[in-house]
Amino acid sequence: MLEISHFSYGWVTPVVAYIMSVTGCLLGLRCTARARTGEGRRGWLIAAAVAIGGTGIWVMHFIAMLGFSIHGATIRYNVPITLLSAAIAMGVVWIGLAIVATGRWGGWELPVGGTITGTGVGAMHYSGMYAMKSDAIIDYNAGLVTLSMIIAVVASIVALWFTLNINGILATVGAALIMGIAVCGMHYTGMASMSAHHAEHASMPHGAGAMELLAPLMISVSMVTMVLLIHVGLTEVDEASRVKEPVRPAPVRHDPWSLQANSTEAQSNTDAPRPSPGSPQQYSVAHSPEPYQYPQPPLYAPERGGYPPRLS
């Protein structure tokens, strides 16, 4: 069995791969947020698929592959299959986003979209591995392959849930960090399933070298990601500048020595509706006091010279 190394350049390749995965997922989440709230929904979903599938998954995969080596064997890459793996990554992410965006699956959008996306991400990973040609015999552990596919499906469901529910910038950054861990975990789990054996009478593999093929492709996709990132930032600033602040009325200032306030109150009183002459008036208790009781004179008043009444 030949020795396989996944970290030929130390921790440089896994760290850079994780950073690119987080960047792509972060940009994709912002694009999906714009698709939910802004115009050009289809365009934003395509941009999100390019960001997540292209940068967050495919670029991450092949940056990590730069640190992959088999001691005593030569590695080359098939160009058409490598390009096909990139198209698969972006295509399945777009399908998953389109499914969850329609909302026509009766609550099954996340499971269906996540399963399709996760299976496609696994297909991208292993088609990229198939594009790698070597003069050694490469075998895969079925258990680890199955585990990597499960991780891909679960990570895709979580990622699609994030695209539907994440809005704030801090929450978006946290979701992108989680998505980056899931993508890298799926990749290195699948890579751990590999084993290489020496092949007798093996011919030299055909194809392009890692730096000859992968470096230009990754730089191209990264440039597209940067353009999308700048575009998202500019459109968000533009929309924020279009939002007008509410106009607050200026407070009315009165001269303390003028009678403007009193005249205003008098005008408000004169503007109040008055009852018509023939309409019944409604009075409150304050407007209908009890009738005044006049004092009654006493029956007998000596000072008037009268006589007391007789009792009969």
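Below, all heavy atoms of this structure are taken into account, side chains as well, without hydrogens, waters or symmetry copies.
- Here the straight-line distance linking atom OG1 of Thr189 with atom CD1 of Ile150 works out to 11.0 Å at 0.5 Å rounding.
- Looking at Ile57 and Met124, their side chains come closer than 4.5 Å, going by heavy atoms from C-beta outward.
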Can Thr115 and Trp108 be said to form a side-chain contact (heavy atoms from CB on, under 4.5 Å), step by step? CA-CA 11 Å; Thr115 302; Trp108 290 88; over 6 Å; no
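- Shown here for Val92 and Thr117, the closest heavy-atom pair between the two residues is O-OG1, 3.3 Å.
- Nearest heavy-atom pair across Ser21 and Gly56 is OG-O, 2.9 Å.
- Hydrophobic clustering (ILVMFWY, side-chain heavy atoms < 4.5 Å, transitive): Tyr140 and Val121 are in one cluster.
- Looking at every heavy atom in both residues, Val100 comes nearest to Glu109 through CG1-O, 3.7 Å.
- In this structure, Ala51 and Gly28 approach most closely via the heavy-atom pair CB-N, 3.8 Å.
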From CA spacing to verdict: side-chain hydrogen bond (donor to acceptor under 3.5 Å, both in side chains), Thr32, Trp44: CA-CA 6 Å; Thr32 54; Trp44 285 116; over 6 Å; no
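- From Trp94, atom CH2 reaches atom CD1 of Ile99 across 9.5 Å, with rounding to the nearest 0.5 Å.
- By the 4.5 Å heavy-atom criterion applied to side chains, Val16 and Val12 are counted as neighbours.
- Interatomic distance, CD1 of Ile81 versus CE of Met129, reported as 12.5 Å (0.5 Å rounding).
- Side chain of Asp135 to main chain of Thr74: a donor-acceptor pair is present (N/O by atom type, distance under 3.5 Å, no hydrogens or angles).
- The hydrophobic clustering, which links ILVMFWY residues whose side-chain heavy atoms are closer than 4.5 Å, places Val183 and Leu26 apart.
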Check step by step if side-chain contact (heavy atoms from CB on, under 4.5 Å) holds for Ile63 and Met20. CA-CA 9 Å; Ile63 287 178; Met20 292 303 297; 3.6 Å; yes
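- Residues Ser195 and Asn141 have side chains not in contact (no heavy-atom distance under 4.5 Å, counting atoms from C-beta outward).
- Atoms OH and NE2, on Tyr188 and His61 in that order, are 10.5 Å from each other to the nearest 0.5 Å.
- Considering all non-hydrogen atoms of both residues, Leu97 and Leu45 come closest at CD1-O, 3.9 Å.
- Residues Ser127 and Leu84 form no side-chain contact, since every pair of their non-hydrogen atoms from C-beta on lies 4.5 Å or further apart.
- Side-chain atoms of Ser193 come within 3.5 Å of backbone N or O of Gly190 as a donor-acceptor pair.
- Placement of Met60 and Ile178 within a single hydrophobic cluster is found when ILVMFWY residues are connected by side-chain heavy-atom separations under 4.5 Å, directly or transitively.
- To the nearest 0.5 Å, atom SG of residue Cys25 and atom CG of residue Leu177 are 9.5 Å apart.
- You'll find the side chain of Ile4 stays beyond 4.5 Å of the side chain of Leu2, heavy atoms only.
- Taking every heavy atom of both residues into account, Gly122 and Met149 meet most closely at CA-SD, 3.6 Å.
- A side-chain donor-acceptor contact under 3.5 Å links Ser148 and Tyr126.
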Could you check Met179 against Leu29 for side-chain contact (heavy atoms from CB on, under 4.5 Å), going step by step and ending with a plain yes or no? CA-CA 10 Å; Met179 292 169 65; Leu29 291 175; 3.9 Å; yes
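- Within the 4.5 Å cutoff, side-chain heavy atoms of Trp58 are placed close to those of Ser85.
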Worked check of side-chain contact (heavy atoms from CB on, under 4.5 Å) between Leu164 and Leu110: CA-CA 10 Å; Leu164 293 176; Leu110 281 177; 4.1 Å; yes
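- Hydrophobic clustering places Met186 together with Trp161 (ILVMFWY residues linked when any side-chain heavy atoms are closer than 4.5 Å, directly or through intermediates).
- Interatomic distance, OH of Tyr18 versus NE2 of His187, reported as 15.0 Å (0.5 Å rounding).
- Shown here is Phe7, whose CZ atom has more than 12 heavy atoms of other residues, nucleotides or ligands within 6.0 Å.
- At most 12 heavy atoms of other shown residues, nucleotides or ligands fall within 6.0 angstrom of atom OH in Tyr9.
- Annotation: side chain of Phe68 is in contact with side chain of Met191 (closest heavy-atom distance under 4.5 Å).
- Within the 4.5 Å cutoff, side-chain heavy atoms of Met194 are placed close to those of Ile138.
- Hydrophobic clustering of Ile, Leu, Val, Met, Phe, Trp and Tyr side chains at less than 4.5 Å, counting indirect connections, keeps Met132 apart from Tyr130.
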